[in-house]
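Reading through the structure tokens given below for one structure.
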There are 2 protein chains.
Amino acid sequence: MPNLSDMTTINPTALLKENGLKHTRQRVRVLEEIALDTVAISQPELEKKLGKEIDRVTLYRILNIYQDKGILHRIMDMNGTANYAICSAACSEDHHHDDHVHFNCTSCLKIYCLEVKAPHLKMPHGFKAVTTNTTAYGICEKCNQQEPEDSAALQ
Amino acid sequence: MPNLSDMTTINPTALLKENGLKHTRQRVRVLEEIALDTVAISQPELEKKLGKEIDRVTLYRILNIYQDKGILHRIMDMNGTANYAICSAACSEDHHHDDHVHFNCTSCLKIYCLEVKAPHLKMPHGFKAVTTNTTAYGICEKCNQQEPEDSAALQ
DNA sequence: TACTAAATGCAATACATTTGCAAAAACTCG
DNA sequence: CGAGTTTTTGCAAATGTATTGCATTTAGTA
């Protein structure tokens, strides 16, 4: 059960209008579900939650359009599965400001968007970086609390 | 054709022995092919090159075992496909020192292992990072040279 | 309210990866 | 060196994630 303090307050209807997207039941539901938690949610998890209301293909299409518009950002986990989280207000179709650090818990597999800003990297001559993706792997706060005496058991 | 200076000199037979792995034709071929270039190679590319000599499933198994042993490291590209590169000598089964920056070219899709060391990140309270993965996306040296006057065409 | 364009659902397909199992190859010990 | 044991390989089938084509439905609008 998500902590209320984690809840990102968004207005799906307004967000859709701002981005020139039609208002549909499915699109609103996806936004509602993703906004429940700041922790990124994977496509399979979303499908598990919404699969009875929304067709799998529709879900993929909505997620893609949201990413294109800069509403969601996509983080690949270590298995190559897409995870999604609400973008900060600064994101737009033209440019994703997805420059914060992600934390991928190797125990519960959740992906957190940390407040830590990704450091600027100096590229070698000839390489022009446009965006940077920084993900730390380890044990998250919750998993550290749950098994303080036996955290080695899982790894 | 790979530049000779890119060629990582490894001894497949010795490497297998060091890691307690049986010496098979397939395992040697995979090491040879990956050592040809410092640029990471994707599973599909490897399969294209080796598919007539090695079964697809065997290739997957070899790549997994090499990653487990710390011989190769795996980098996920933006499509969630696995890419592999030779680990530095410091890597072992117990711990991957995969702390350099990767550069994923959005034009040719190649993944480079840069000499740039990934910066240390300060984690929030309760989060314990074990490894960090930093990938920069942009246009690589070669692609910048190839189309200096019209680099916007592909993106 | 009827029209038009866009979004949805369904079926089929593509692609990466894994699993089960029998056949083949690699170490090893007498 | 050759039989025996174990590991690895190849093939077939299955799983999981994501995309495409097309007919139907729905949203926004005139």
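Predicted, not measured: the structure shown is a model, and the values here were computed from it. Letters A, B, ... are given to chains in the order of the sequence lines, protein chains preceding strands, and every chain is numbered from 1.
- Nucleotide C:dA7 holds its C1' atom 9 Å from the CD1 atom of A:Ile65, rounded to whole Å.
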I'd like to compare against my own output: the B/S/- annotation of nucleotides 15-27 of chain C with a strict under-4.0 Å heavy-atom distance to protein. -SBBBB-----BS
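- One can place CG of A:Asp55 at 16 Å from P of D:dT24, the figure rounded to the nearest angstrom.
- Side-chain heavy-atom separations under 4.5 angstrom define the hydrophobic clusters, and the remaining members of the one that includes B:Tyr137 are B:Met78, B:Leu109.
- Across the protein-nucleic acid pair, A:Leu50 atom CG and C:dT8 atom P stand 13 Å apart, rounded to whole Å.
- Using a 4.0 Å cut-off between charged side-chain N and carboxylate O, B:Glu32 and B:Arg29 make a salt bridge.
- A:Leu59 places its CG atom 15 Å from the P atom of C:dA7, with the value rounded to the nearest Å.
- Scanning for salt bridge (charged side-chain N to carboxylate O under 4.0 Å, His left out) contacts around B:Glu18 gives an empty result, with sequence neighbours left out.
- Annotation: ring-ring contact (aromatic ring centres under 6.0 Å, His included) contacts of B:Tyr84 (sequence neighbours excluded): none.
- Think of B:Tyr60 as one node in a network of Ile, Leu, Val, Met, Phe, Trp and Tyr side chains linked at under 4.5 Å; it has no links at all.
- By the side-chain hydrogen bond (donor to acceptor under 3.5 Å, both in side chains) test, A:Asn83 is found to be paired with A:Asp77, residues two or more places apart in sequence or in another chain being considered.
- In this entry the distance linking CG of A:Asp68 with P of D:dT19 reads 11 Å, nearest Å.
- Across the protein-nucleic acid pair, A:Gln67 atom CD and D:dT19 atom P stand 10 Å apart, rounded to whole Å.
- With rounding to whole Å, A:Lys69 atom NZ is found 12 Å from C:dA6 atom P.
- One atom, CD of A:Gln26, and another, P of C:dC10, lie 11 Å apart when rounded to the nearest Å.
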